[in-house]
2 protein chains.
Amino acid sequence: MARDDLGAMVARLGRRLLAMEQPILARHGVSMWAYVVLNGLAGGSVRTQAALAARIGADKTRLIPVLDDLQERGLIEREPDPADRRVRLLALTDSGREVHRVVRDEIRTAEEALLEGLAPADREAFVRALVTLS
Amino acid sequence: MARDDLGAMVARLGRRLLAMEQPILARHGVSMWAYVVLNGLAGGSVRTQAALAARIGADKTRLIPVLDDLQERGLIEREPDPADRRVRLLALTDSGREVHRVVRDEIRTAEEALLEGLAPADREAFVRALVTLS
DNA sequence: TTAGATCGTATGCATATGCTTACTATTACG
DNA sequence: CGTAATAGTAAGCATATGCATACGATCTAA
């Protein structure tokens, strides 16, 4: 079967997904990085900025303006850790959790629509493979 | 099944593939864009710079330095089209075809190794889905 | 206690990206 | 013929990215 490189195809698909998500994020006034942060914090296992940066694959210095913005808008909290005063403990506010939930649901819905183009069995396998490879 | 957004997983996989390809490209002195160009020209259906830019999703102005470099190194030819002297017809040289083949083969081999982590059936379905979605 | 490591923050740099404008040569159309 | 459109080229701009450095506050370990 003649096909492109995986890299080329994955890159194209990535651009397509990005284009799909952009309007959703814009509609809720959330940047891509802000959403990634909300997503990372929603997992619950991440509490410090360094851990968050490592988890989402971002530079810790570049994360700061994003966190500043999210904090100003009341979507996250940044409290000093009483046990280690170097650290700021991050947490979603109720408002942040709600925004994340809404945006995430819309993105999931759009993703499902995209996957409609696949045979059900392929869809299953595709997602499974993606989970394994990513 | 709890999983990340498709966008997040595809982006991670993309970064992984990029990291995998980078050493291969570097070993042959080819930049990512140069390889994409060689790949686009290897298809055979593209002959002009504008068509190439459209095909690989690049800006036509940004393509120029890449083409200049490839031409200087004798990997492509850029001849004026006798039928339309605005146009430069692009073509791989034998040397360019060879470099492309070698790099592509190495990338394919590395990709196969990556896909080893999947069940054979999933691997098939994954590639099929990728072709459809990208 | 002292030296070294870590966390958050600020700043700068080199590079990459997408977009826009402008210009020349050339072609296509009214 | 003359105007509009197109191909290639050059240059600039705003933004984004990865990377490095520096600094104060604080913790850890010898």
Side-chain angles (χ1 to χ4, degrees), chain A residues 7-8 11-12 14-23 25-26 30-37 40-41 45-72 76-91, chain B residues 7-8 11-12 14-23 25-26 30-37 40-41 45-72 76-91:
Chain A
R12 265 202 301 280
R15 261 177 275 142
R16 189 173 169 193
L17 286 167
L18 191 66
M20 187 195 80
E21 294 177 7
Q22 215 70 81
L25 295 169
V30 185
S31 75
M32 177 60 71
W33 277 117
Y35 174 65
V36 171
V37 165
L41 292 179
S45 62
V46 171
R47 314 219 52 85
T48 76
Q49 297 186 191
L52 177 62
R55 176 176 230 277
I56 68 182
D59 192 297
K60 68 172 183 166
T61 74
R62 243 155 236 305
L63 209 54
I64 306 224
V66 180
L67 295 176
D68 288 345
D69 177 62
L70 286 173
Q71 188 179 21
E72 277 172 23
I76 66 169
E77 280 175 338
R78 240 192 312 192
E79 294 180 7
D81 183 351
D84 181 346
R85 283 174 305 178
R86 292 172 302 181
V87 172
R88 308 271 189 123
L89 291 180
L90 302 172
Chain B
R12 265 201 301 278
R15 260 177 276 142
R16 190 173 169 196
L17 287 167
L18 191 66
M20 186 195 80
E21 293 177 8
Q22 215 71 80
L25 294 169
V30 184
S31 75
M32 177 59 71
W33 277 117
Y35 174 65
V36 171
V37 165
L41 292 179
S45 63
V46 170
R47 312 218 54 86
T48 75
Q49 297 185 192
L52 177 63
R55 177 176 229 278
I56 67 183
D59 193 297
K60 67 169 183 168
T61 74
R62 240 154 239 307
L63 211 51
I64 305 219
V66 180
L67 295 176
D68 289 345
D69 178 61
L70 287 174
Q71 188 178 21
E72 277 172 24
I76 66 169
E77 281 174 336
R78 240 190 317 191
E79 295 179 7
D81 182 350
D84 180 347
R85 285 176 302 181
R86 291 172 303 183
V87 172
R88 309 268 187 125
L89 290 181
L90 302 172

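Throughout, a chain's letter reflects where its sequence line sits, starting with A, and its residues are numbered from 1.
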Length of the line joining Ile64(A):CD1 and dT17(D):P, which is rounded to integer Å: 16 Å
Side-chain N or O of Gln49(B) versus OP1/OP2 of dT9(D): is the shortest distance under 4.0 Å? yes
Residue closer to the 5' end of DNA chain D, Thr48(B) versus Pro82(A) (nearest nucleotide): Thr48(B)
Does Arg47(A) come within less than 4.0 Å of Asp81(A), counting only side-chain N to carboxylate O? no
It should be established whether Arg78(B) places a side-chain nitrogen or oxygen under 4.0 Å from OP1 or OP2 of nucleotide dT9(D). yes
Look at Arg88(B) and dA7(D) and indicate whether a side-chain polar atom (N or O) is within less than 4.0 Å of OP1 or OP2. no
Distance check needed: dA28(C) P versus Arg85(B) CZ, whole Å only. 11 Å
Would you classify Asp59(B) as touching base, sugar-phosphate or nothing, given that sugar-phosphate means primed atoms plus P, OP1 and OP2, and contacts are heavy atoms under 4.0 Å? base
Distance from Gln49(A) atom CD to Thr61(A) atom OG1, nearest 0.5 Å? 11.0 Å
Value rounded to 0.5 Å, distance of OG1 in Thr48(A) from CZ in Arg86(A): 10.5 Å
So, is Arg62(A) near the phosphate of dA10(C), with a side-chain N or O under 4.0 Å from OP1 or OP2? no
Relative to the 5' end of DNA chain D, which residue comes earlier, Lys60(A) or Asp81(A), by the nucleotide with the nearest heavy atom? Lys60(A)
Roughly how many Å is it from CD in Gln22(B) to P in dT15(C), rounded to a whole number? 15 Å
Distance-minimising heavy-atom pair for Leu63(B) and Ala58(B): CD1-CB, 4.2 Å
Would one find a side-chain N or O of Trp33(A) under 4.0 angstrom from OP1 or OP2 of dA16(D)? no
Whole angstroms only, please: what is the CG-C1' distance between Leu63(A) and dC19(D)? 16 Å
Figure out the CG/P separation between Asp84(B) and dT24(C), and round it to whole Å. 19 Å
Look up atom CG in Leu18(A) and atom CE in Met32(A), then write down how far apart they are to the nearest 0.5 Å. 4.5 Å
Quick one: does Arg86(B) reach the base of dT6(D) with a side-chain donor-acceptor pair under 3.5 Å? yes
Tell me: CD of Glu79(A) to P of dG8(C), nearest whole Å? 14 Å
Nearest whole angstrom, please: distance from the C1' of dG8(C) to the CG of Asp68(A). 11 Å
Expressed in angstrom and rounded to an integer, what is the separation of Arg15(B) atom CZ from dA16(C) atom C1'? 16 Å
Which part of the nucleic acid does Thr61(B) contact within heavy-atom distance under 4.0 Å: base, sugar-phosphate only, or nothing? base
